Amino acid sequence: MPELPEVESVLRALTDLDPSFPGRRVREVRILRPSAVDGPVEQFVKELTGAVFHEILRHGKYLFFRFTAHCATSSRWMVLHLRMTGRLFLVQANHAVQRHTRFYLLLEDELALRFDDPRAFGRVWLVDSPKEVTGRLGPDALAIGHDGFLRQLAQQNRQLKLLLLDQSFVAGIGNIYADELLFRAGLHPLRVSGSLNHNERERLFSSMHEVLTQAVQAKGANIDGVFEAGSFPVAVYKRNGQPCRNCSSMIHKERIAGRGTHYCPACQPAV
DNA sequence: CACTCTACCTGTGCGC
DNA sequence: TGCGCACAGGTAGAGT
């Protein structure tokens, strides 16, 4: 499930694989699954055909592609959310379409930007400004600094698991990294944010920052039995029934805030 | 106002 | 072996 580190890796892969990606012109747009596009499909195709990409940004789990349409002066943005199983990548234009390919953009130099998504939760939008999307989001979880995070935290009094998953608190953390950073911080997912002492608040920020930074460096998470491109080793996610790497206690799983939540009962005491 | 539930999807892995 | 079904999860929107 792509969260901040995985989405950041997608962005870096695009620009590393193809340093001239910003600057490329779209020759053709093919939509295989119209429901992947928010809004009228014809307009999506029409606007992007002949458009030129200028830059790619990320905020939370969203990617923003700035482009200028073929005979327009002002910029427009293609916004993408991978949701659960979406994958965005560059391929050769003749690369065979897969069963789950939802759409692709044929670019110059026989390249194609392709979106595959088995679960079909992923979506793409065209908007005038990223703010139309990021306006509902909190600060990016990796861009936010120590002081900004503590300010955000001071305004809340909610269960930590719920808080971390709330994209309007900070954007980019999903179920995997919420569990991972709470483990690193030694905080139980049901602890209420308002009850944290100074030291615990500091640990929450530093753990969030370290986990996300290291996961970006590792190009995403490595989860046993689940296909993920990255090599960040998870300590608790899907490790229920296995020994904690700190203390050998059994990793526990329960449903919190409607999500499968994994933690070490010894390292993350309830009170 | 704050929380919970459901829809959206389909591959996986279980029990029978 | 094969069938049916619960489950996984991010987000929006509806419901309590």
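For the numbers below, each heavy atom of this structure counts, side chains included, while hydrogens, waters and symmetry mates do not. Each chain gets a letter, A, B and so on, in the order its sequence line appears, and its residues count up from 1. If you're wondering where the values come from, they're calculated on a predicted model, not measured in any experiment.
The nucleotide whose nearest atom lies closest to any side-chain atom of A/Ser35 is, among B/dG11, B/dC9, C/dT11, B/dC9. For A/Glu3, whose side chain is taken as the heavy atoms from C-beta onward, the closest listed nucleotide among B/dG11, C/dG10, B/dC9 is C/dG10. Listed nucleotides: C/dG9, C/dT11, B/dT10. Nearest to the side chain of A/Tyr237: C/dG9. Checked against C/dA12, B/dC3, B/dG11, the side chain of A/Arg136 finds its nearest nucleotide in C/dA12. Here the nucleotide nearest the side chain of A/Phe121, chosen from C/dT11, B/dC8, B/dG11, is B/dC8. Minimum atom distance to the side chain of A/Ala120 is reached by B/dC9, of the listed C/dT11, C/dG10, B/dC9.
A sub-4.0 Å separation between OP1 or OP2 of C/dT11 and a side-chain N or O of A/His81 is present. Side-chain N/O atoms of A/Arg259 include one lying less than 4.0 angstrom from OP1 or OP2 on C/dG10. In terms of phosphate contacts, A/Lys61 brings a side-chain nitrogen or oxygen within less than 4.0 Å of OP1 or OP2 of C/dT11. OP1 or OP2 of C/dA8 lies within a sub-4.0 Å distance of a side-chain N or O belonging to A/Lys253. Side-chain N/O atoms of A/Gln167 include none lying less than 4.0 angstrom from OP1 or OP2 on C/dG10. For the pair A/His100 and B/dG11, the criterion of a side-chain N or O lying under 4.0 Å from OP1 or OP2 is met.
Taking atom CZ of A/Phe169 as the reference point, atom C1' of B/dC3 lies 18 Å away to the nearest angstrom. Between the NZ atom of A/Lys161 and the P atom of B/dC3 there is a distance of 17 Å, given to the nearest Å. Nucleotide C/dT11 holds its P atom 9 Å from the CG atom of A/Leu165, rounded to whole Å. As a whole-Å value, the separation of A/Asn157 CG from B/dC3 C1' is 14 Å. Here the C1' atom of nucleotide C/dG10 and the CZ atom of A/Arg87 are 19 Å apart, to the nearest Å. Spacing between atom CZ of A/Arg83 and atom P of B/dA7 amounts to 16 Å, rounded to whole angstrom units.
Taking 3.5 Å as the limit, the base of C/dA8 and the side chain of A/Arg119 contain a donor-acceptor pair of atoms between them.
Among the heavy atoms of the strands, none lies under 4.0 Å from A/Gly258.
Side-chain atoms of A/Gln92 do not come within 3.5 Å of backbone N or O of A/Ala112 as any donor-acceptor pair. A/Arg102 contributes a side-chain N or O that, together with a main-chain N or O of A/Asp117, makes up a donor-acceptor pair within less than 3.5 Å.
Checked for salt-bridge contact, A/Lys161 and A/Asp179 meet the test: a charged N lies under 4.0 Å from a carboxylate O. Ion pair A/Glu180/A/Arg184 not flagged as a salt bridge, since none of the NZ, NE, NH1 or NH2 atoms sits closer than 4.0 Å to an Asp/Glu carboxylate oxygen.
For an aromatic pair to be called close, the ring centres must be under 6.0 Å apart, and A/His59 with A/Phe64 fails this.
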